[in-house]
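Quantities reported herein were computed from a predicted structural model and do not represent experimental measurements. All values below were derived from every heavy atom in this structure, side-chain atoms included, with hydrogens, water molecules and symmetry-related copies excluded. The chains referred to below are lettered A, B, ... by the order of the sequence lines, with proteins before strands, and numbering in each begins at 1.
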2 protein chains.
Amino acid sequence: MLQTNNVHHLKEVTSPALFGAEPDSLKALFRKQPVECLAAGQSLFFEGDAAKHLFEVVEGSLRIFKIISDGRRVITGFLHAGDIVGVSLKSHYLYSAEAIVDTRIRRFSRKTFEAEVARCPDLRPEVFSRLCDEMAAAQDQMVLLSRKNAEERLCTFLLRQVQRGPGLRGNIAIVELPMTRLDIADYLGLTIETVSRTMTKLTQRGIICSIGRHAVRVMKHGVLAQLSGDDEYYGDERSQISYAAGNHH
Amino acid sequence: MLQTNNVHHLKEVTSPALFGAEPDSLKALFRKQPVECLAAGQSLFFEGDAAKHLFEVVEGSLRIFKIISDGRRVITGFLHAGDIVGVSLKSHYLYSAEAIVDTRIRRFSRKTFEAEVARCPDLRPEVFSRLCDEMAAAQDQMVLLSRKNAEERLCTFLLRQVQRGPGLRGNIAIVELPMTRLDIADYLGLTIETVSRTMTKLTQRGIICSIGRHAVRVMKHGVLAQLSGDDEYYGDERSQISYAAGNHH
DNA sequence: CGTTCTCTTGACAGCAGTCAAGACCCGTGG
DNA sequence: CCACGGGTCTTGACTGCTGTCAAGAGAACG
């Protein structure tokens with residue numbers, strides 16, 4: 001948790017001022033707002049509520065999800081420190097948002113936000129850019145849900161977490177997984193049992209190595225990438241994949 | 001995509017006090033552009049191409065899709081007359097676009113488009129609104145792909161086509177399906193065989209009735225809605241669903 | 001230390017995928 | 001007009017991945 005927070009700071013500082021304007025002008029809006037705290041499991045808002053606010057995640061993680069008819073839940077995304085909730089808002093929230101762990105947020109009135117964006121042209125590219133990023137992520141998720149098998153889904157998921165994280169040292173990275181297995185399952189369109197079984201298999205093959213329940217050490221980043229199904233091409237490079245149990249811990 | 005969403009969006013965008021713009025100002029931009037023709041099967045652009053243009057579909061239909069590693073195709077959406085392609089663009093196209101049938105389009109330079117939007121504040125709410133509609137549709141699609149079974153997927157798909165269409169007369173509507181079964185399968189995350197079998201079942205139960213390959217008559221709109229899995233609640237109303245073959249032809 | 005929740009593992013079932021064959025549609029050319 | 005050929009669609013038999021159900025192990029918390 002603290003690590004991701006530090007990284008977020010790093011990103012902010014090192015992000016080059018390519019655009020002339022200060023890079024995180026959007027977040028600057030939030031900076032003066034008071035910080036609020038959400039306990040793990042607490043709801044921030046519900047799908048269908050009037051969308052009165054936007055939120056910045058200061059620390060912690062949120063899940064955003066929809067519930068359909070008979071109680072099935074679909075998690076459409078996770079949000080972490082530095083993310084902004086609700087840029088793509090209509091008049092009502094499209095999804096519910098809950099804290100996964102104890103989380104700190106800042107709040108911004110939607111009305112004021114829109115006025116600020118209208119007033120300050122420098123903000124618009126960033127709003128637009130965040131929307132497009134969200135759209136690109138949604139499309140990648142559609143690909144995952146539409147055509148990937150359980151192993152590919154989980155590998156893709158783990159890779160995404162690696163990319164968010166503190167970067168890999170050598171070939172090895174540690175990724176935090178603050179969410180539960182059920183959260184992961186509902187995000188990947190699987191059951192909790194399939195997530196669990198697939199993680200066990202990846203562990204047995206020495207590709208990952210569990211560190212408690214909420215962290216994983218990625219031992220073979222390249223193999224993970226191959227198994228994710230996102231590679232553009234592969235010939236016989238698949239041979240790199242080891243089906244034998246590797247040396248873990 | 002959902003009617004409820006459209007209602008919100010209408011309220012928001014057409015509210016004259018807030019924006020005072022003509023509703024379709026965006027399309028007005030395209031109106032002066034020359035019309036180009038695409039033959040069925042022809043590509044408009046490819047995923048990864050530099051995104052130099054936006055397009056308005058004047059007549060016909062497009063499929064937009066991504067291809068992953070071993071050739072698997074995921075159709076992320078269909079576009080029809082009146083839709084605009086590429087509002088959510090980054091510097092490169094996120095997906096490929098192909099004509100499903102002979103299609104007529106208008107083209108607009110991305111650079112000019114952005115200049116126009118910067119110059120004319122009235123356009124911005126509409127751009128934003130279209131982006132949000134796209135996002136809402138993407139999330140509905142994630143729900144479909146994540147948690148719905150074959151029958152629910154197909155019923156949801158058919159319902160969406162009905163909502164796009166000329167409206168239902170009485171309880172019955174005719175929906176055009178210009179795309180092939182393979183297109184539908186790649187859109188719904190199924191195989192062509194499963195799509196075919198599921199349509200056969202719906203036909204046998206008298207819920208729909210095929211009119212050639214590219215059109216369907218919806219006989220029981222309410223049942224279709226129940227089977228789509230989007231209903232908020234149901235008690236014993238399921239009893240309305242008939243498992244006996246209905247009277248068709 | 002016991003309760004509760006989460007996670008793992010196993011046995012089994014079922015939905016959808018795969019493979020295969022044949023029907024149907026439609027444009028082309030005889 | 002009909003025959004032909006290629007593509008699309010339907011249908012059947014079978015397989016297999018993932019879901020379901022169930023039990024037990026492991027963590028977290030009071």
Side-chain angles (χ1 to χ4, degrees), chain A residues 39-41 63 70-75 98 100-102 144-157 177-205 208-216 227 229 248, chain B residues 39-41 63 70-75 98 100-102 144-157 177-205 208-216 227 229 245 248-249:
Chain A
R63 57 185 162 243
D70 51 350
R72 288 171 283 187
R73 183 181 73 160
V74 177
I75 291 183
E98 272 177 14
I100 291 175
V101 294
D102 292 350
L144 180 148
L145 294 171
S146 190
R147 288 284 176 244
K148 290 186 178 178
N149 63 28
E151 186 175 271
E152 290 171 322
R153 291 181 197 202
L154 198 57
C155 290
T156 303
F157 173 71
L177 302 175
M179 66 290 288
T180 66
R181 295 286 184 269
L182 184 57
D183 287 332
I184 297 175
D186 285 350
Y187 179 59
L188 297 180
L190 300 170
T191 59
I192 188 175
E193 293 94 335
T194 299
V195 169
S196 187
R197 272 189 266 266
T198 307
M199 293 208 67
T200 300
K201 275 181 212 153
L202 292 178
T203 301
Q204 285 168 348
R205 287 163 61 184
I208 62 172
C209 172
S210 292
I211 307 172
R213 281 180 172 178
H214 293 296
V216 160
L227 292 177
H248 46 293
Chain B
R63 56 184 162 243
D70 52 349
R72 288 172 283 186
R73 184 181 71 161
V74 178
I75 292 183
E98 273 177 12
I100 291 175
V101 294
D102 293 350
L144 181 148
L145 294 171
S146 188
R147 288 284 176 243
K148 290 186 178 178
N149 63 28
E151 185 175 272
E152 289 171 323
R153 292 182 196 202
L154 198 57
C155 290
T156 303
F157 173 71
L177 302 175
M179 66 291 288
T180 66
R181 296 285 185 270
L182 184 57
D183 288 332
I184 297 174
D186 285 350
Y187 179 59
L188 298 180
L190 301 169
T191 60
I192 188 174
E193 293 95 333
T194 300
V195 170
S196 189
R197 271 189 266 267
T198 307
M199 292 209 68
T200 300
K201 274 181 212 152
L202 292 178
T203 301
Q204 285 169 347
R205 287 162 60 183
I208 63 171
C209 171
S210 292
I211 307 173
R213 281 180 171 179
H214 293 296
V216 160
L227 292 177
H248 49 294
H249 274 185

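- When distances run from any side-chain atom of A/Leu190 to the nucleotides C/dT18, C/dC7, D/dG19, the shortest one goes to D/dG19.
- Distances were taken from every side-chain heavy atom of A/Thr180 (C-beta onward) to each of C/dG17, C/dC7, D/dT20; the shortest belongs to C/dC7.
- Residue B/Glu152 contributes atom CD, which lies 12 Å from atom P of C/dC15 at whole-angstrom precision.
- Salt bridge A/Arg147/B/Asp186: present, at least one basic N to carboxylate O contact under 4.0 Å.
- As rounded to whole Å, 12 Å separates atom P of C/dT6 from atom CG of A/Asp186.
- In this structure, a donor-acceptor pair under 3.5 Å is present between the side chains of B/Thr194 and B/Thr191.
- Ion pairing of B/Glu151 with B/Arg205 is present here, as a side-chain N (NZ or NE/NH1/NH2) and a carboxylate O approach within less than 4.0 Å.
- You'll find that the side chain of A/Arg197 is closest to D/dT20, out of D/dT20, C/dT8, D/dT11.
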Inset, instruction - Applying salt bridge (Lys or Arg N to Asp or Glu O under 4.0 Å), run through A/Asp70 and A/Arg72 and close with a yes or a no. - result: CA-CA 6 Å; A/Asp70 51 350; A/Arg72 288 171 283 187; 2.8 Å; yes
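- With D/dT18, C/dT6, C/dC25 as the candidates, the nucleotide lying closest to the side chain of B/Arg213 is C/dC25.
- The side chain of A/Arg181 has C/dT8 as its nearest neighbour among D/dT18, C/dG17, C/dT8.
- Distances from the side chain of A/Ser196 to the nucleotides D/dG19, C/dC19, C/dT8 place C/dT8 closest.
- Residue B/Thr191 has no polar side-chain atom (N or O) positioned under 4.0 Å from OP1 or OP2 of C/dA16.
- Between the side chain of B/Glu151 and the base of C/dC15 there is no donor-acceptor pair of N/O atoms closer than 3.5 Å.
- For A/Ile192, the listed nucleotide lying nearest its side chain is C/dC7; candidates were D/dG12, C/dC7, D/dG19.
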